[in-house]
There are 2 protein chains.
Amino acid sequence: MDRKQEILKAAAKTFSLYGYKATSVDQIAREASVGKGTIYTFFANKEDLFQAIVLSTIEEMKQQAVRVLDPSATPAENAHKALIKMLEFRETHQLLARLIEEERATKSKAVYDMMQQVEKAIVEFIEQRLSRALPDLETDPKLLAYLLYKSYVAFVVEWNQLYEQPLDEKTISQFFHQSLFKGL
Amino acid sequence: MDRKQEILKAAAKTFSLYGYKATSVDQIAREASVGKGTIYTFFANKEDLFQAIVLSTIEEMKQQAVRVLDPSATPAENAHKALIKMLEFRETHQLLARLIEEERATKSKAVYDMMQQVEKAIVEFIEQRLSRALPDLETDPKLLAYLLYKSYVAFVVEWNQLYEQPLDEKTISQFFHQSLFKGL
DNA sequence: GAATGACCGTTTTGTTATTTTGGTCATTTT
DNA sequence: AAAATGACCAAAATAACAAAACGGTCATTC
């Protein structure tokens, strides 16, 4: 395996384990069995390397979302499935889960920026699927995708932060079909 | 004016000016021209006093929301008006604006809890208006109110955190009538 | 020419001394 | 007698400083 891939692998591992800030470039170099200077021949700086890791994680997430799509299902059902899968990925994937935790605990600009990229990727994915499946929609697909994403986060992730009584997934999907997806 | 009101007035003023954590009980006592001990004859502790201030602020917000309702308007239009007004209040009112800032900058449990109460109050207000205006709704009004609140926050407050291109209020209200309010 | 680690200025962390804080309660004021 | 008060206390926050760790560079090595 070439050195760049070795570095990427080591960085993904250590970032996932300790988070962005708590991982030192020395640590990554040691894990990759590479001199520290070598890292800087492939990446401009620590954040640039971080960016590369996050980008490939986003690709992985999108692939998982594609895999869950069903050509025979309605656009609404596919949007639902894709969103649920991506939100699950966001909370399950070692790196992303670690970054969410790190963002809450500290207030690192770098981590915040990366999580924002993840958000944008999800919205963009939904938007593209939406405008492909429903080409002559009167509403702006970007606004619609953003609304769907924010609504899913609100119900799947944030509901429990505000209310004791948890919300099971059946209730959520039923409610969404009664409200959000009504006009779709 | 009696001492309790004097204390409440002083606390509201200093909390609004310096935030919760940066305001000391001594400071409030001085501002209220009252001995520190007197404060503790009316309130169990600093947070209890804070709570009282926030509760009355919430009442003020709800009153402003009621004032904006129009009996001859549709339930959707009234929900829209009330939400816009309450979100505006949240960002305009000295105390709440200060607390939002404080919550972002530090991670104080007390401030977080209070802002959560504000959120709950907004959702509850919308829920009550909704079930009064539309008594035989097939969807749970609490879920609907929560969806509306979260959607308005997403578009009115959070959109600019993710995208450069700002969203004018006309576009937002038009979009909501095409999507969220379609089934209402 | 690619890889390296000793090296550098800066930032973060650990430590201790000092100050400020929320809350109490014996005393004073009404 | 009841309400008000501020000196007082343990605990928490802050300041000041030393020491360690950090991201990034670059002369040297491979």
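Letters A, B, ... are given to chains in the order of the sequence lines, protein chains preceding strands, and every chain is numbered from 1. A quick note: this is a predicted structure, and the numbers were derived from the prediction, not measured.
B:Phe42 has its CZ atom 17 Å from the P atom of C:dG23, to the nearest Å. Taking atom CG of residue B:Leu49 and atom P of nucleotide C:dG23, one finds them 10 Å apart after rounding to whole Å. What separates CD1 of B:Ile7 from P of D:dT5 is a distance of 8 Å, to the nearest Å. Atom P of nucleotide C:dG5 and atom CD1 of A:Ile28 are separated by 16 Å, given to the nearest angstrom. Note: CZ (B:Phe43) to C1' (C:dG22) measures 16 Å, nearest angstrom. The distance from atom CD of B:Gln27 to atom C1' of C:dG23 is 17 Å, rounded to the nearest whole Å.
An end-to-end axis angle of 30° holds for the helix from C:dG14-D:dC17 to C:dT30-D:dA1, taken from five base pairs per end and rounded to 10°.
Minimum interatomic distance between B:Phe181 and B:Ala76 (heavy atoms only, all atoms of both residues): CD2-CB, 3.7 Å.
Remark: A:Lys109 NZ to A:Tyr112 OH distance equals 9.0 Å, nearest 0.5 Å.
For D:dA3, neither phosphate oxygen OP1 nor OP2 lies less than 4.0 angstrom from any side-chain nitrogen or oxygen of B:Thr41. Within the 4.0 Å cut-off from OP1 or OP2 of C:dT4, at least one side-chain nitrogen or oxygen of A:Arg3 is found.
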Margin query: Determine whether A:Lys9 and A:Glu6 satisfy the following criterion, salt bridge (Lys or Arg N to Asp or Glu O under 4.0 Å), listing intermediate values before the conclusion.
Written below: CA-CA 5 Å; A:Lys9 210 179 77 181; A:Glu6 210 62 67; 3.6 Å; yes
Check: Does the pair A:Glu119 and A:Lys150 meet the rule for a side-chain contact (heavy atoms from CB on, under 4.5 Å), with working shown?
Finding: CA-CA 10 Å; A:Glu119 278 198 301; A:Lys150 283 291 190 174; 3.9 Å; yes
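Residues B:Thr171 and B:Phe155 have side chains not in contact (no heavy-atom distance under 4.5 Å, counting atoms from C-beta outward). Residues A:Ile39 and A:Lys46 have side chains not in contact (no heavy-atom distance under 4.5 Å, counting atoms from C-beta outward).
Because its NZ or CZ atom is not both nearer than 6.0 Å to the ring centre of B:Phe89 and within 45° of the ring axis, B:Lys62 does not count as a cation-pi partner of that residue. For the pair A:Lys120 and A:Tyr149, the cation does not sit on the ring face, since its NZ or CZ is not both under 6.0 Å from the ring centre and inside 45° of the axis.
Side-chain polar atoms of A:Gln116 and B:Gln161 form no donor-acceptor pair below 3.5 angstrom.
Mapping B:Ala22 and A:Val34 onto DNA chain C via the closest heavy atom, the residue that lands nearer the 5' end is A:Val34.
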Using the 3.5 Å cut-off, write out each protein N or O paired with an N or O of nucleotides 23-25 of chain D and the distance between them.
residue	atom	partner	partner atom	Å
D:dG23	OP1	A:Thr23	O	3.3
D:dG23	OP1	A:Lys46	NZ	2.8
D:dG23	OP2	A:Val25	N	2.8
D:dG23	N7	A:Lys36	NZ	3.1
D:dG24	OP2	A:Tyr40	OH	3.1
D:dG24	OP2	A:Lys46	N	2.7
D:dG24	N7	A:Lys36	NZ	3.0
D:dG24	O6	A:Lys36	NZ	2.4

